Amino acid sequence: MLLFHFYLILIICWSVIGFFSGPTSINTNFLFANGFLAVSVYTIGIAYSAARYKRFSWIGLFNLFNISFLIVHFHYPLLARFYPSVAGNMSIWMYPETAVRASSVSLAAYAALWMGYLLTKTRRGLTPVNKAVSTLDHASLARAPYVLAAAALFLFSVIFVINPNYYLGGYYGGWDEEDIQGGLRHVLVLFNVMYYSAIILDFYRLRVQHTSLNPLEFLIHANKFVLIISSLLVLASLYTGDRGPIIRTLALYAGGWSIFFFRVRFGLFVIALVTGAMLMSFIKEYRTHERGVSLSDRMEEGRYQIQDRRWYDVPGELGGSVRVLNVAVKISEDGNFFYGLFKMNNLISAVPFSSRYATAIVGPYLRGLTTSSYMTGVILGPDSRTGVGTTIIADIYLDFGIAGCIVLMGLLGVFIAWIENRCFTSLSLYFHTIYFIYLSLAFYWCRSAYITNSKEVLWTFLIVVVFQRVFSGNLKLPTVVIRRLQAVRGRGVD
């Protein structure tokens, strides 16, 4: 493993040199080299992790984050070497002279992510606990998901009252400005908090009570009320074409099940990944922003659209986000960075009413300032009704440049490994909740801000902790019980 760390250091050095001295045009060979190095880092790192860590999961947080990162930042740089239509597509590159620099930033940050992760990750396996040794009140623990799911169902019905067309209208993004002012966006945040909290607490209950569950056993023992609400949300999202809730729900259930109860093999993971990618691509094609289009007409249109697409366009929407990074590198050429302003807004937005005080100190432009809104204004104009999104590297780069990308992505690797270490080796509700929150966001994170969904993350954590305190009063097993288990079953070292 020491050789791999040395390899990562060499890649970071190569990337920094490429950033400052690389070609100033679309050099497809250089882009391919950066992409190939990124894939090699993933291949070596993930093979090592799969062999070394017992609780490694192909549907875990770190692997899903890696796959998303590679698609977002290296999908088109890799293909440009072989497809002239990709190399000449200016809607992807925007500024050809920054393409190599942008891919070099991504590569350096990616190597730093792996270095931080591996330096922090431990080999300790999960400490299994069953009913006989648990001090938790299982009857009370089982009630919490019901209460949260009932609150989520109530908020789900409120969405229909505010705007029935949001789900029933059959068009994506079915809200108007009046709906936003009327509180629909706030209701959606609260619904997500209650909904994902119910799933997280139910998984916590299952972890306390069981050490292994096959698919049928999992369906039998999981909270049926939560499963029904999850099914309703997935079906409504399929109808409107909103992929976010589908991906997040599947990530929670598939990831949590595969980590703690049933080891999913690589072959099954690949089949699920390809099938999911095709399904998400089909949803993108049949969803519409137009009102009054029936589901059958939308699906027929989607079928025609997807037949005309090349194979490499399936993850194209994720990969197309690289243009945001290319533009971010271009507009920051003179060192015009924001020095943490975007991160400050991400943090402030999590606390209700705090933006009022922040804008009074910093200025009114801080309100709602994100890299996504900023880059939309730069690329499409301030009056655009659609957005270009962002990427995690663009979000960091606009604030701190290439040095910030290397340091902050290294720290992100440390954070993910730290959370995994504590979630997998204990029954602490704190770390269980944090891990599951970010597991649900894993595939979305790379197309989002570095401090992603801060409001939802903080509120979900607080809701879970409060409900667990009310219904049980125990956040983790006493240390004496853990030590007794470790003495009987060993340290769980693989």
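All figures in this text were calculated on a predicted structure; none of them were measured in a lab.
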Determine yes or no for a side-chain-to-main-chain donor-acceptor pair under 3.5 angstrom, with Y76 supplying the side chain and S321 the backbone.
no
Aromatic rings F260 and H432: how do their planes relate, parallel, tilted or perpendicular, breaks at 30° and 60°?
tilted
Would you name the heavy atoms of H210 and F261 that are closest together and state the gap between them?
O-CE2, 3.6 Å
What distance separates K455 NZ from L347 CG, expressed to the nearest 0.5 Å?
13.5 Å
pair V234-P245: side-chain heavy atoms closer than 4.5 Å:
no
Is there side-chain contact between F436 and T460, with heavy atoms separated by less than 4.5 Å?
no
Side chains of C446 and F65, heavy atoms from C-beta outward: is any pair under 4.5 Å?
yes
In sequence, state the C-alpha distance, the side-chain angles, and the governing distance for Y195 and T249, and then conclude on side chain to side chain donor-acceptor pair (under 3.5 Å).
CA-CA 10 Å; Y195 171 67; T249 299; 2.9 Å; yes
To the nearest 0.5 Å, what is the distance between CG on L219 and NZ on K224?
8.0 Å
Once rounded to the nearest 0.5 Å, what's the spacing between atom CG of L113 and atom CG of L408?
11.5 Å
Side-chain contact, heavy-atom cut-off 4.5 Å: W445 with S68?
no
Hey, is the main chain of V270 close enough, under 3.5 Å, to the side chain of W58 for a donor-acceptor pair?
no
To check you understand the geometry: which heavy-atom pair defines the closest contact between V226 and N223, and what is its length?
N-OD1, 3.1 Å
So, taking the atom named NE2 in H221 and the one named CG in L206, what distance separates them when rounded to the nearest 0.5 Å?
8.5 Å
Do T371 and D395 have side-chain N/O donor and acceptor atoms under 3.5 Å apart?
yes
Here the pair of heavy atoms bringing A222 nearest to L227 is CB-CD1, 3.9 Å
Please state whether the rings of F203 and Y253 are parallel, tilted or perpendicular, taking 30° and 60° as the class boundaries.
tilted
Answer yes if the side chains of S372 and T390 hold a donor-acceptor pair under 3.5 Å, and no otherwise.
no
With F415, which of F62, Y117, Y438, F431 fulfils ring-ring contact (aromatic ring centres under 6.0 Å, His included)?
Y438
Can any side-chain N or O of T452 pair as donor or acceptor with the backbone N or O of S448 at less than 3.5 Å?
no
Flag the pair L70 / H75 as yes when at least one side-chain heavy-atom distance between them is below 4.5 Å, and no otherwise.
no
Here the pair of heavy atoms bringing S197 nearest to I463 is OG-CG2, 3.8 Å
Look at the side chain of N421 and the backbone N and O of A417, then say whether any donor-acceptor pair between them is shorter than 3.5 Å.
yes
Do any N or O atoms from the side chain of S440 and from the backbone of I437 form a donor-acceptor pair under 3.5 angstrom?
yes
Cation-pi geometry met for R55 and F424 (6.0 Å, 45°)
no
Short side-chain donor-acceptor distance under 3.5 Å, N66 and W114
yes
What pair of heavy atoms forms the shortest contact from V324 to A394, and how long is it?
CG1-CB, 4.2 Å
side-chain contact (heavy atoms from CB on, under 4.5 Å), that's the test. Do I246 and L250 meet it? Break it down for me.
CA-CA 6 Å; I246 302 173; L250 291 178; 3.9 Å; yes
Less than 4.5 Å apart, side chain to side chain, heavy atoms only: is that true for M375 and L380?
no
Please report the interatomic distance CH2(W257) to CZ(F262), rounded to the nearest 0.5 Å.
5.0 Å
Can you list the steps and then say if S349 with S454 is a side chain to side chain donor-acceptor pair (under 3.5 Å)?
CA-CA 7 Å; S349 63; S454 57; 3.2 Å; yes
Verify the neighbour count for atom CZ of F154: are there more than 12 heavy atoms of other residues, nucleotides or ligands below 6.0 Å?
no
Taking it one step at a time, do L411 and Y450 satisfy side-chain contact (heavy atoms from CB on, under 4.5 Å)?
CA-CA 11 Å; L411 291 175; Y450 180 76; 4.2 Å; yes
Contact check, side chains of I379 and Y374, non-hydrogen atoms, under 4.5 Å
no
What class does the angle between the rings of F269 and F266 fall in, given that below 30° is parallel, 30 to 60° is tilted and above 60° is perpendicular?
tilted
Regarding T376 and S373, is there a side-chain donor-to-acceptor distance under 3.5 Å anywhere?
no
Might you work through the side-chain contact (heavy atoms from CB on, under 4.5 Å) test for Y196 and L252, ending with a clear yes or no?
CA-CA 9 Å; Y196 294 117; L252 277 177; 3.4 Å; yes
Would S230 and I199 count as a side-chain contact (heavy atoms from CB on, under 4.5 Å) if you check the C-alpha gap in whole Å, the side-chain angles of each, and the deciding distance to 0.1 Å?
CA-CA 9 Å; S230 300; I199 297 176; 3.9 Å; yes
Taking the six-membered ring for Trp, are F342 and F338 parallel (under 30°), tilted (30 to 60°) or perpendicular (over 60°)?
tilted
Heavy-atom closest pair, residues G60 and I259:
CA-CD1, 4.1 Å
Is there a donor-acceptor contact under 3.5 Å from the side chain of R205 to the main chain of A142?
no
Would you check if Y444 and N453 make a side-chain contact, meaning some heavy-atom pair closer than 4.5 Å?
yes
Do we see a donor-acceptor contact under 3.5 Å between the side chains of S57 and S258?
yes
Using 0.5 Å steps for rounding, measure from the CZ atom of R265 to the CZ atom of R263.
6.0 Å
Quick check, are the ring centers of F69 and Y110 under 6.0 angstrom apart?
yes
